[in-house]
There are 2 protein chains.
Amino acid sequence: MLDAVSRVRRFNRAVTSEVGALDSSFLGRGRPLGAARVLNAIGHGRSDVAEIRDYLGLDSGLLSRLLRSLEDEGLIETTAHEDDARRRVARLTRNGRREFEAYETISNMQAERLLARHAKSESLLAAMDLVASALLQGRTALVEMSPRAPAARHCLAEYYGELARRFSQGFDVSLSRDPDARDMIRPRGVFLVAMSDTLPVGCVGLKGSGGEAAEIKRLWVAPSARGLRLGRWLMETAESAARELSIKVLRLDTNSALPEAGQLYRTSGWRKIPRFNDDPYPDLFFEKHL
Amino acid sequence: MLDAVSRVRRFNRAVTSEVGALDSSFLGRGRPLGAARVLNAIGHGRSDVAEIRDYLGLDSGLLSRLLRSLEDEGLIETTAHEDDARRRVARLTRNGRREFEAYETISNMQAERLLARHAKSESLLAAMDLVASALLQGRTALVEMSPRAPAARHCLAEYYGELARRFSQGFDVSLSRDPDARDMIRPRGVFLVAMSDTLPVGCVGLKGSGGEAAEIKRLWVAPSARGLRLGRWLMETAESAARELSIKVLRLDTNSALPEAGQLYRTSGWRKIPRFNDDPYPDLFFEKHL
DNA sequence: CGCGATATCTGACTAAAGTCAGATAATGCT
DNA sequence: AGCATTATCTGACTTTAGTCAGATATCGCG
């Protein structure tokens with residue numbers, strides 16, 4: 001019936017009217033949209049004036065005036081940056097925080113209303129995640145963090161859950177060789193998480209030993225972010241990090257129940273090698289010289 | 001990691017920036033956004049001034065001026081409505097059509113670009129359909145049309161495809177009692193299609209015989225529109241139409257491989273009855289007195 | 001200290017969008 | 001025909017957003 005482009009355009013029309021509705025609900029608090037956006041940016045932790053300007057794409061003169069008007073309303077206060085008095089930092093006052101929270105409530109209620117009128121809200125959320133990951137593709141960031149950080153833990157939990165679903169015999173982390181977190185933190189290794197706005201959508205661990213050999217562990221991409229070549233990007237970034245750490249040879253184990261992963265390794269310079277550990281889950285082993 | 005509301009809000013942020021990008025690409029043709037929107041509304045067949053005003057939510061004075069500026073550019077011409085000279089109708093000139101098509105090209109290319117950078121564009125499209133159906137929920141319309149109309153045929157083809165996937169023995173329309181289209185057109189019956197913007201997302205047929213008994217056939221809701229209570233709405237509307245046609249008793253057949261349908265019938269006043277036909281596919285039979 | 005670079009602000013504009021009170025003309029109804 | 005209603009238009013205005021050229025203050029560095 002409808003070709004692909006028409007379907008995308010129907011989607012665009014649908015969200016345009018919905019987004020417009022959000023904007024006009026923001027107008028209800030008697031403040032122009034520009035000022036409301038600045039207040040919200042500050043509320044969400046963007047304190048540096050340059051950072052706000054950059055985030056909202058505003059002219060420096062315009063932002064300066066908007067900040068002044070929020071200051072006159074008593075919602076924010078600005079002070080000089082402590083190590084550089086040319087820069088200014090903005091902070092919400094008590095009233096500003098109250099006003100910011102009113103905007104937050106509007107946004108949250110809008111979101112809740114949408115979910116409430118859908119009887120299958122889990123499938124709606126999954127679809128929203130997928131579309132958002134596609135739209136945010138260019139702004140996805142790979143962040144190095146501890147495997148114990150919340151975003152990293154989230155990815156690992158999803159990863160284990162997925163293995164449990166995919167392996168016919170299930171998956172129990174405690175039976176697998178769970179790497180010590182310290183081996184995936186510099187200087188021994190690294191742990192990378194792909195962040196798409198606030199959502200962690202993928203991860204990979206480089207588990208070093210201090211020597212010239214290291215292992216790739218825990219490569220995972222969220223279902224909502226598949227098809228965006230994130231796996232490849234994670235692997236390339238992990239390999240660069242390995243080179244920085246003077247690692248010469250990388251190894252990894254995987255399972256033939258994860259064919260996408262195997263395909264990725266084969267097409268990016270990895271070579272199949274014999275089993276090199278006694279972990280019960282993997283049945284395929286790869287190596288790559290850097 | 002992220003609760004439902006945060007996920008919706010991430011989605012909102014993602015589409016807000018995307019919509020902004022579409023808007024600014026429209027600016028490239030040297031015309032303010034307001035004028036471009038009016039031109040596009042006219043190009044998409046909205047000719048009545050009041051209709052445009054309503055669709056775009058514009059003040060009458062503002063729209064009047066925008067129409068004047070498009071007229072001065074030679075892109076549209078307005079004439080009095082033929083049955084009511086107070087109303088005006090706008091129409092694209094040859095140049096206007098060319099300009100409209102330039103905007104169409106921009107939108108189409110934007111959509112294609114998004115799809116092209118996604119390696120699983122079919123899953124992206126399915127997600128977009130689902131989100132759009134949810135957002136457009138309040139604007140979904142039930143349209144009575146011939147079962148031979150394109151939108152109706154689309155629904156029927158999807159319906160047959162779904163039966164083929166769901167029934168363990170497959171499904172072949174030619175073995176089933178395919179109702180004559182005329183039995184689902186007034187005055188004998190009706191055929192309803194749920195339109196969500198341009199996408200047909202559900203259908204139902206009321207197959208009459210001219211007498212007091214009629215059958216409900218071809219109830220289908222698109223996967224992207226499930227959870228929106230569309231099935232129930234289609235059934236209620238078909239029942240109202242049946243009452244209008246002085247039908248006293250409705251019957252239908254279904255299959256236990258379609259549990260959602262059976263559940264819907266059971267919770268809306270239908271009673272299980274013995275088999276009343278020799279169609280090989282159904283194994284459940286219902287009746288409802290109006 | 002002096003000087004070019006940097007961050008923000010101010011002033012003076014313009015363009016776009018939106019508001020609102022009539023003006024104008026056609027229509028429907030008695 | 002008379003008159004309230006309806007659809008659109010015009011004029012006069014305000015608000016919001018955005019641009020741009022300097023002004024001001026601070027910083028980093030030789």
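Atoms considered below: every heavy atom in the structure, side chains included; atoms not considered: hydrogens, waters and symmetry mates. A note on names: the letters A, B, ... follow the listed sequences, proteins ahead of strands, and every chain is numbered from 1.
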Whole-Å distance separating the [atom1] atom of [X] from the [atom2] atom of [N]:
X       : N      : atom1 : atom2 : result
B:Asp48 : D:dT8  : CG    : C1'   : 12 Å
A:Leu62 : C:dA15 : CG    : P     : 17 Å
B:Glu51 : D:dT8  : CD    : P     : 11 Å
B:Asp23 : D:dA17 : CG    : P     : 15 Å
B:Leu70 : C:dA16 : CG    : C1'   : 14 Å
A:Leu63 : C:dT10 : CG    : P     : 12 Å
A:His81 : C:dT8  : NE2   : P     : 10 Å
A:Arg87 : D:dC27 : CZ    : C1'   : 11 Å

*Scan residues 71-78 of chain A against DNA chain C and write down, sorted by residue number, each residue with any heavy atom closer than 4.0 Å; if none is found, say none.*
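Nothing qualifies; none.
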*Check DNA chain C against residues 26-36 of chain A and give the residues with a non-hydrogen atom under 4.0 Å, in numerical order.*
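Residues of residues 26-36 of chain A under 4.0 Å from DNA chain C: none.
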*So, is A:Arg68 near the phosphate of C:dC9, with a side-chain N or O under 4.0 Å from OP1 or OP2?*
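True: A:Arg68 side-chain N/O within range (under 4.0 Å) of C:dC9 OP1/OP2.
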*Using salt bridge (Lys or Arg N to Asp or Glu O under 4.0 Å) as the criterion, point out the one residue from B:Arg53, B:Arg86, B:Arg87 that pairs with B:Asp48.*
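Among B:Arg53, B:Arg86, B:Arg87, the one that satisfies the salt bridge (Lys or Arg N to Asp or Glu O under 4.0 Å) with B:Asp48 is B:Arg87.
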*Toward the 5' end of DNA chain D, by each residue's nearest nucleotide, A:Leu58 or B:Val49*: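 Of the two residues, B:Val49 wins.
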*Closer to the 5' end of DNA chain D via nearest nucleotide, is it A:Gly57 or B:Arg53?*
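Residue closer to the 5' terminus by nearest nucleotide: B:Arg53.
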*asked:* Quick check for you: among D:dA7, C:dG18, C:dT27, whose closest atom lies nearest to any side-chain atom of B:Asp84?
replied: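 In terms of side-chain proximity for B:Asp84, the closest of D:dA7, C:dG18, C:dT27 is C:dT27.
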*Out of D:dT26, D:dT19, D:dT8, which nucleotide sits closest to the side chain of A:Arg65?*
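Of D:dT26, D:dT19, D:dT8, D:dT19 is nearest to the side chain of A:Arg65.
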Determine whether [X] and [Y] make a side-chain contact, defined as any pair of heavy atoms from C-beta on separated by less than 4.5 Å.
X        : Y        : result
A:Thr198 : B:Ser6   : no
A:Leu130 : B:Ser123 : yes
B:Arg13  : A:Arg139 : no

*Between the side chain of B:Arg229 and the main-chain N/O of A:Arg117, is any donor-acceptor distance below 3.5 Å?*
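Side chain of B:Arg229 to backbone of A:Arg117: a pair is present.
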_Checking the side chain of B:Thr93 only, and the main-chain atoms of B:Gly74 only, is there a donor and an acceptor separated by less than 3.5 Å?_
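Such a contact is found between B:Thr93 side chain and B:Gly74 backbone.
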_Results of salt bridge (charged side-chain N to carboxylate O under 4.0 Å, His left out) for B:Arg88 - residues two or more places apart only_ =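 Salt bridge (charged side-chain N to carboxylate O under 4.0 Å, His left out) check on B:Arg88 returns nothing, list empty.
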*Out of curiosity, B:Glu239 CD to B:Ile247 CD1, how far, rounded to the nearest 0.5 Å?*
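Answer for the CD-CD1 pair, B:Glu239 versus B:Ile247, is 11.0 Å.
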Show me the side-chain donor-acceptor pairs of residues 31-45 of chain A shorter than 3.5 Å, one per line, residues at least two apart or across chains.
unit_1	atom_1	unit_2	atom_2	d
A:Arg31	NE	A:Glu73	OE1	2.8
A:Arg31	NE	A:Glu73	OE2	3.3
A:Arg31	NH1	A:Glu99	OE2	3.0
A:Arg31	NH1	A:Tyr103	OH	2.9
A:Arg31	NH2	A:Glu73	OE2	3.0
A:Arg31	NH2	A:Glu99	OE2	3.4
A:Asn40	ND2	A:Ala36	O	2.8
A:His44	NE2	A:Glu104	OE2	3.0

Enumerate all atom pairs, one protein N or O and one N or O from nucleotides 21-25 of chain D, separated by less than 3.5 Å.
none

*Can a salt bridge be assigned to the pair B:Arg10 and A:Asp197 using a cut-off of 4.0 Å between side-chain N and carboxylate O?*
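So B:Arg10 does not pair with A:Asp197 through a salt bridge.
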Can I get a per-line list of side-chain donor-acceptor pairs under 3.5 Å for residues 57-68 of chain B, giving both atom names and the distance, sequence neighbours left out?
unit_1	atom_1	unit_2	atom_2	d
B:Asp59	OD2	B:Gly61	N	2.8
B:Asp59	OD2	B:Leu62	N	3.2
B:Arg68	NH1	B:Glu71	OE1	2.5

*Identified side chain to side chain contact (heavy atoms under 4.5 Å, CB included) counterpart of B:Arg91 within the set B:Thr79, B:Thr78, B:Ile76*: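 Option passing the side chain to side chain contact (heavy atoms under 4.5 Å, CB included) with B:Arg91: B:Thr79.
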